[in-house]
Amino acid sequence: MTADLTPVVVRLKLSLLRNGLRQSGGRRAAYIASAVAVLLFSVLQLLGLIALRGDEHAGSVVVPLAAGWAVMPLFFPGGDETLDPTRLVMLPLRPRPLVRALLVASLIGIGPVFTLCLLVGSVVSVAHGGTAYVFSVLGVLLALLVCVALARAVAVANIRLLTSRKGRDLAVLSGLVIAVGAQVVNFGAQRLGSGGLGQLDGPADVLKWVPPASAIGAVDSASEGSYGVAVLQLALSAAALAGLLALWSRHLTRLMTSPDGSTLPSAQGAARERGSTGLARLLPAGRTGTVMERSLRYVWRDPKTKAAWVTSLAIGLIVPVFNALQGTGSIYFACFAAGMLGVQMYNQFGQDTSAFWMVATTISSPRDAYVELRARALALLVITLPYATVVTVVTTALIGDWPKLPEVLGVSFALLGAMLATGAWTSARFPYSIPQEGYKNVAPGQSGLAAAAVVGGMVSAALLCAPVIALTIWANLSADGDEWSWVLLPVGAVYGAAITWAGLRLAAPRTAGRLPEILTAVSKG
């Protein structure tokens, strides 16, 4: 192609976004709601950063902030879901013009607007003098481009890896890194609140030489009159941008010219896949055991499903245990384990993708749908029940509040049951696809639908737990409550089982009646 590719790709992205919003009113409402929320938070963040102007530690805040935000898109590369390069493989496009076009198109969206507000607020908080403002313009531009190029280069490099069986371990490792890293940031923020912003001076002195934070550091240096240092810091960011664009171009060339052998198993591997394990002998007979085995195999073998599970397992343990070790935790933080794993019940059919048609052919009545959903819930309980119990016992041991163990277990079981119930219903009402190709976790145009389903389901689960929570509050406030707190364990377990049964019963007719819609939604990716 000899014509300029950039306007074409930009128009293509705008068309995809526009057409995606036209598909349904619910999807349009979800997208608008999420956009308004992000924009509101962006404005508040911008005002907060501007309020730092004049503070002696302003540079020590904004430089680490820019460095931390630069790596965040690496963990959520599917946010810009209209720029999947695998969809362009069959077109006669050269890598360099395509990289330039994708880079410009990547600047369109809610995410780049949020990043821009963060960077603008950062430079305004540290810029003093006309020269510093000149450096600010260059710094914001370079930092923004480095953030986008970094996310794109890493995403393209990992597209084939995430679709291969060898990519499972990387996916699991990334989930652990996210879980541990989030908690490290959390506890760092707690210590920062008690020790003051001066604790950031040391890390900021190092990070101001690391792109793209070096572009923000250049503005701070220019404000102090160190123009030579400022130019060097900008040069580091410019060099990083050039290197990332070259890396992006190289991986894009490999992606669009090399055959994908990751999905061609060897004869030995295929035989191993057909081999039976002892898992089936431990499960119930009939359809229930078959569905449970299939679900558990997804957890073990599918890279994205396994990564989601490992992340939930890690966070569910880290949050209560880390807070207990810090002396700031509550025994009720142990309920976080049940909550994190209960989320795995949401969008049960999405993990099947287009293979759901084979499941759909076996569902001819609400009874069939009920058995299918029940088996999937039982497969989740095989992992979740013992795990939530262990986490609760470990947290109780660290805090030393053994009398509250029964009531915390009761609340955990009730919460888990409520999430299984709402998860079954939202799986039928708001299904969405989890593409197996590439780095996206949601198919194009379904991000708002996925967010609304999960958030709405979690809020509904919390409301369903209100009776058990109210009983727990009474046990803690009443003078005679301690004598009866042990009752919360059987009450929570029975309530959780009952609400799960009710949720599965309500979801079954909807599942059986919406099979074509579910199949269309989960096959979209």
Side-chain angles (χ1 to χ4, degrees), residues 179 183 292 299 309-346 374 376-424 457-504:
Q183 291 309 307
M292 290 180 65
V299 175
W309 269 91
V310 170
T311 302
S312 297
L313 289 168
I315 296 178
L317 176 64
I318 289 172
V319 169
V321 170
F322 275 29
N323 278 280
L325 292 174
Q326 290 285 325
T328 59
S330 167
I331 190 174
Y332 293 99
F333 278 18
C335 298
F336 210 79
M340 288 300 302
L341 294 187
V343 174
Q344 304 305 318
M345 186 64 185
Y346 293 82
R374 183 186 63 185
R376 292 178 184 244
L378 288 174
L380 188 145
L381 287 173
V382 167
I383 302 174
T384 304
L385 273 180
Y387 178 80
T389 303
V390 169
V391 171
T392 304
V393 172
V394 170
T395 306
T396 304
L398 292 174
I399 295 178
D401 195 0
W402 290 104
K404 290 190 179 297
L405 176 61
E407 63 184 67
V408 176
L409 279 175
V411 174
S412 293
F413 294 157
L415 175 62
L416 179 59
M419 298 197 74
L420 292 179
T422 56
M458 293 175 67
V459 172
S460 300
L463 294 176
L464 289 175
C465 287
V468 178
I469 295 175
L471 188 59
T472 304
I473 295 174
W474 172 84
N476 283 273
L477 296 179
S478 174
D480 300 329
D482 291 341
E483 300 178 4
W484 296 96
S485 62
W486 63 271
V487 178
L488 283 167
L489 176 54
V491 168
V494 172
Y495 183 83
I499 203 69
T500 299
W501 175 84
L504 295 176

Checklist entry - Is there a side chain to side chain contact (heavy atoms under 4.5 Å, CB included) between F413 and V494 once you walk through the steps? => result CA-CA 9 Å; F413 294 157; V494 172; over 6 Å; no
Checklist entry - Are L381 and L416 close enough, and set up right, to give a side chain to side chain contact (heavy atoms under 4.5 Å, CB included), and what steps lead you there? => result CA-CA 9 Å; L381 287 173; L416 179 59; 3.6 Å; yes
Checklist entry - Are F336 and I318 close enough, and set up right, to give a side chain to side chain contact (heavy atoms under 4.5 Å, CB included), and what steps lead you there? => result CA-CA 10 Å; F336 210 79; I318 289 172; over 6 Å; no
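Residues P403 and D401 form a side-chain contact, since some pair of their non-hydrogen atoms from C-beta on lies under 4.5 Å apart. The shortest distance between side-chain heavy atoms of V343 and S312 does not fall below 4.5 Å. Side-chain contact between Y346 and L420 is absent, with no heavy-atom pair separated by less than 4.5 Å. Side-chain atoms of L313 and L317, non-hydrogen and from C-beta on, never get closer than 4.5 Å to each other. Under the 4.5 Å side-chain criterion, counting only non-hydrogen atoms from C-beta, T396 is not in contact with K404. Between L380 and W309, some side-chain heavy-atom pair lies under the 4.5 Å cut-off.
Shortest non-hydrogen contact noted between A424 and G503 is CB-O, 4.5 Å. Here the shortest heavy-atom pairing between C465 and L415 reads SG-CA, 3.3 Å. A421 and T500 get closest at one heavy-atom pair: CB-CA, 4.2 Å. Residues A324 and I399 share a closest heavy-atom pair of CB-CG1, 3.9 Å. Nearest heavy-atom pair across V411 and C335 is CG1-SG, 3.7 Å. Pairing each heavy atom of A338 with each of M419, the nearest pair is O-SD, 4.2 Å.
I331 contributes atom CD1, which lies 12.0 Å from atom CZ of F333 (distance to the nearest 0.5 angstrom). Here M345 contributes atom CE and L504 contributes atom CG; the two are 6.0 Å apart, rounded to the nearest 0.5 Å. Atom CG of residue L378 and atom CE of residue M292 lie 5.0 Å apart, to the nearest 0.5 angstrom. From N323, atom CG reaches atom OG1 of T395 across 9.5 Å, with rounding to the nearest 0.5 Å. Note that OG1 of T392 is 11.5 Å distant from OH of Y332, once rounded to the nearest 0.5 Å. Residue I473 holds its CD1 atom at 11.0 Å from CD of E407, rounded to the nearest 0.5 Å.
Between the Y495 side chain and the L488 main chain, no donor and acceptor come within less than 3.5 Å of each other.
For the side-chain contact (heavy atoms from CB on, under 4.5 Å) with T389, the lone residue among L409, T384, V394 that qualifies is L409.
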